[in-house]
Amino acid sequence: MILRGRWAANRIQQGNKMAEEPTPFERFVQGIVPENPVYRQLLGLCPVLAVTGDMKSAMTMAGAVLFVLFCANVIVSLIRNILKPHLRIVVFTLTIATFVTIVDRFLAAYMYNMSKALGPYIPLIIVNCIIICRCEVCGSKQNVFAAGADAIGQSLGFALALASIAAVREILGTGMFFGVRVLTENWPDWVIMALPPGAFFTFGLLLGAFNWVDSIRSKKDGTG
Amino acid sequence: MNYIIDIFLIAISAALINNFVLYYFVGICPFIGVSRNVDMAFGMGCAVTFVITIAALISWTITTFVLIPGAPVTSFLAGLVLPAEQASGIDLTILSYIVYIFAISSSVQFVEMYVRKFFPPLYKSFGVFLPLITTNCAILFACLTIMSNVAVDNPEEAWDLGRALILAIFGGVGFTIAIVIMAGIREELDLCDIPKPLQGAAITLITAGILAMAFMGFTGVDTGLKNALNPPDEQQIVQQTNSDDSIKLAEQGKNRTAGGF
C-alpha cells in the first residue's frame with residue numbers, strides 16, 4: 001500500500017525534481033508492478049505489440065532490453081556530472097545505439113534464427129521510449145547503484161508485460177507455450193491472435209483488466 | 001515500364017498492405033497519444049511524412065556512398081592509405097545504427113530551425129510535434145528498410161533513390177491515413193458509454209485491432225496488381241512464384257523485410 005501511494009506520488013516527483021530521491025531498492029521494486037513501464041506508463045509499445053507472437057522471441061527481446069537498459073543507465077549515471085543539459089538527449093541516444101549494435105551483432109552471431117525472426121525490432125530498441133525515459137528520470141540524477149537497480153527493475157517489469165501478452169497470444173494462436181504443446185491437438189488455432197490484430201486485441205483487453213483490478217484494489221484501500 | 005510498375009507496387013505496399021502502424025507496429029506512441037482530434041492527427045501525419053522523406057534521403061545517400069562494402073567515398077578515402085584490393089572491401093554497415101540515429105536527430109533539428117526561420121506559420125502548426133518525431137520508430141524503421149534493400153549481395157537489385165523516397169513518402173501517407181481514421185473514430189468514441197477500465201488507451205488499442213483487421217483485407221492486392229500490370233508472356237512466371245494463399249503472403253512479407261538483418 002505504501003508502494004501504491006508512492007508510484008502516483010513519484011510521477012509528480014519526477015516532474016518537480018524533489019529533493020528526496022528513492023533508494024536503489026525502492027527503484028527496483030517500483031519498476032516491476034507499481035511503475036510498470038508497459039501497463040502503467042504506456043512506454044515502448046512497439047516491441048510489446050510486434051514481438052509477442054511467441055514466448056521465445058518475447059523473452060529474447062526482454063533480454064536484449066535488459067542488457068541495453070542496464071548498460072546505458074549505468075554509463076549515463078557515471079557521466080552524469082559532466083553531461084551538458086542541452087546535449088544530453090544526443091548523448092543518451094548515441095550510448096543506446098552503441099549497446100544496441102552490440103546486442104544485434106551478438107544475436108546475429110549466436111542466435112541467427114532468432115535474429116532473423118526479430119528483424120528490425122532489435123535496432124528499433126534505440127528509439128524505445130523506456131530506455132531514454134529511464135536515463136532521463138533515473139540515470140542522469142542518481143548514483144550507479146540506484147541506476148543499475150532501476151534498470152533491472154524496469155526490465156523485469158517489461159519482461160513480465162511481454163510474457164503476459166505473449167503467453168495469451170501463443171497459447172490461443174498456436175496451442176503451444178515456448179514451443180511445447182499445451183492445448184489438445186483438436187484446438188482450432190486462432191490464427192488472428194498470431195497476426196497483427198491479435199496483438200492489439202490482447203494488449204487492449206489486458207490493459208483493461210489491469211486497470212479494473214487496480215480500481216478494485218484502490219477501492220479496498222480507500223485511497224482511490 | 002517495369003520501373004514504374006515497381007514504384008507503384010512499393011507505394012501501394014507501404015501505404016496500405018504493410019501499413020507502418022497497423023502491420024509493423026511502428027509509430028504506435030503518437031498513434032495512441034496524438035489521435036484525440038482529427039486536426040492534430042493530420043498535423044502529426046504531415047510532420048512525420050515530411051521528416052521521414054528527409055531522413056530517407058539522407059540515409060539512402062549515406063548507405064550507398066559510405067556504408068556498404070565497396071562504397072565510393074569509403075574506398076577513395078581508404079585507398080589513400082591502404083592497397084586498392086583492401087580498400088574496396090571495407091564494410092562499415094556495423095556503424096549504420098549509430099549513423100542513422102545521428103542523422104535523424106540532426107535532420108530533425110535542422111528541419112526545425114529551417115522551418116522556424118522561413119515558414120513561421122508552418123512552424124506554428126508543426127511546433128509541438130517536430131521534436132517529438134526524433135524518437136518516432138517509424139522514421140528509423142524506414143531507414144532500416146531502405147538499408148536492408150540497398151545493402152544486398154547483388155548490386156543489380158539494390159534500390160535507387162527513387163524507390164527509397166517512394167517507400168518513405170508512402171509510408172508516411174499510410175501513417176497519416178491510419179492516424180486520421182483513428183482520430184475520427186476516437187472523436188465519436190468520446191460520446192459513447194465505455195466501461196471505466198477500458199477508457200483511454202485500452203479502447204484505442206481494441207479499435208486499432210479492428211482497423212488492423214480491416215487493413216488485412218488489402219493482403220494480396222500487390223500480387224493481383226502485379227499480374228494485371230505485367231505483359232501476358234511474363235504473367236505465367238509471376239503467377240507461379242506467387243501462388244500462395246493470403247496468410248502465407250503476409251508471412252512472406254514479414255520475412256522479406258526481416259531478411260536483410
Side-chain angles (χ1 to χ4, degrees), chain A residues 39 42-53 89-90 93-98 100-101 104-105 107-108 115-129 131-133 191-192 194-216, chain B residues 19 22-29 31-33 94-102 104-106 109 131 134-141 143-145 147-148 195-216 247 250 254-255 257-261:
Chain A
Y39 285 112
L42 290 176
L43 293 178
L45 298 184
C46 160
V48 167
L49 294 167
V51 301
T52 47
I89 298 288
V90 179
T93 32
L94 289 184
T95 317
I96 296 165
T98 313
V100 168
T101 309
D104 186 58
R105 293 296 96 197
L107 283 180
S115 166
K116 280 264 180 208
L118 288 175
Y121 296 105
I122 289 286
L124 283 178
I125 296 176
I126 300 170
V127 283
N128 194 322
C129 337
I131 299 173
I132 296 179
C133 173
V191 181
I192 197 80
L195 290 171
F200 285 112
F201 288 136
T202 316
F203 182 46
L205 291 173
L206 281 176
L207 186 63
F210 196 87
N211 290 341
W212 184 59
V213 172
D214 213 47
S215 66
I216 292 175
Chain B
N19 189 288
L22 299 170
Y23 186 79
Y24 288 118
F25 310 110
V26 291
I28 290 285
C29 296
F31 183 69
I32 307 274
I94 192 164
L95 291 176
S96 53
Y97 304 157
I98 298 174
V99 171
Y100 289 162
I101 197 70
F102 199 71
I104 292 171
S105 38
S106 44
Q109 284 287 332
T134 316
T135 52
N136 186 334
C137 346
I139 316 280
L140 185 63
F141 180 79
C143 292
L144 290 166
T145 314
M147 183 192 93
S148 69
K196 200 156 180 287
L198 286 178
Q199 274 170 14
I203 194 72
T204 312
L205 284 162
I206 294 169
T207 318
I210 299 169
L211 262 184
M213 268 166 85
F215 270 72
M216 268 173 68
I247 290 164
K254 210 159 204 169
N255 290 339
T257 327
F261 292 87

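Lettering of chains follows the sequences in order, A, B, ..., and the numbering in each one begins at 1.
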Toward chain B, the part of A:Ala199 with a non-hydrogen atom under 4.5 Å
side chain

Could you look at A:Thr98 and say if it's the side chain, the backbone, both or neither that has a heavy atom under 4.5 Å from chain B?
both

Sort A:Ile192 into side chain, backbone, both or neither according to what part of it lies under 4.5 angstrom from a heavy atom of chain B.
side chain

For B:Ile28, is it the side chain, the backbone, both or neither that has a heavy atom under 4.5 Å from a heavy atom of chain A?
side chain

Measure the CD1-CG distance between B:Ile206 and A:Leu205 for me, rounded to the nearest 0.5 Å.
4.0 Å

Can you name the nearest heavy-atom pair linking B:Cys29 to A:Cys129, along with the distance?
SG-SG, 3.5 Å

Part of A:Val90 lying under 4.5 Å from any heavy atom of chain B
side chain

Kindly write out the residues that satisfy ring-ring contact (aromatic ring centres under 6.0 Å, His included) with A:Phe200, not counting sequence neighbours, or none if the list is empty.
B:Phe25

Looking at A:Leu124, A:Asn211, A:Val100, which has the largest count of heavy-atom pairs under 4.5 Å with chain B?
A:Leu124

Spacing of CD1 belonging to A:Ile126 relative to CG belonging to B:Leu144, to within rounding of 0.5 Å
7.5 Å

Non-hydrogen atoms of chain B under 4.5 Å away: do they reach the side chain of A:Leu49, the backbone, both or neither?
both

Can you tell me which portion of B:Leu22 sits under 4.5 Å from chain A's heavy atoms? Options are side chain, backbone, both or neither.
both

Interatomic spacing from CD1 in B:Ile98 to OG1 in A:Thr95 - rounded to 0.5 Å:
9.5 Å

Do B:Ile210 and A:Phe201 touch side chain to side chain, with heavy atoms closer than 4.5 Å?
yes

About how many Å separate SG of B:Cys137 and CG of A:Leu45, when rounded to the nearest 0.5 Å?
9.0 Å

Distance, nearest 0.5 Å, that separates CG of A:Leu42 from OG1 of B:Thr204:
9.5 Å

Here the gap from B:Ile203 atom CD1 to A:Leu207 atom CG, rounded to the nearest 0.5 Å, amounts to 11.0 Å

Can you tell if the side chain of B:Met216 reaches within under 4.5 Å of the side chain of A:Pro197, non-hydrogen atoms only?
yes

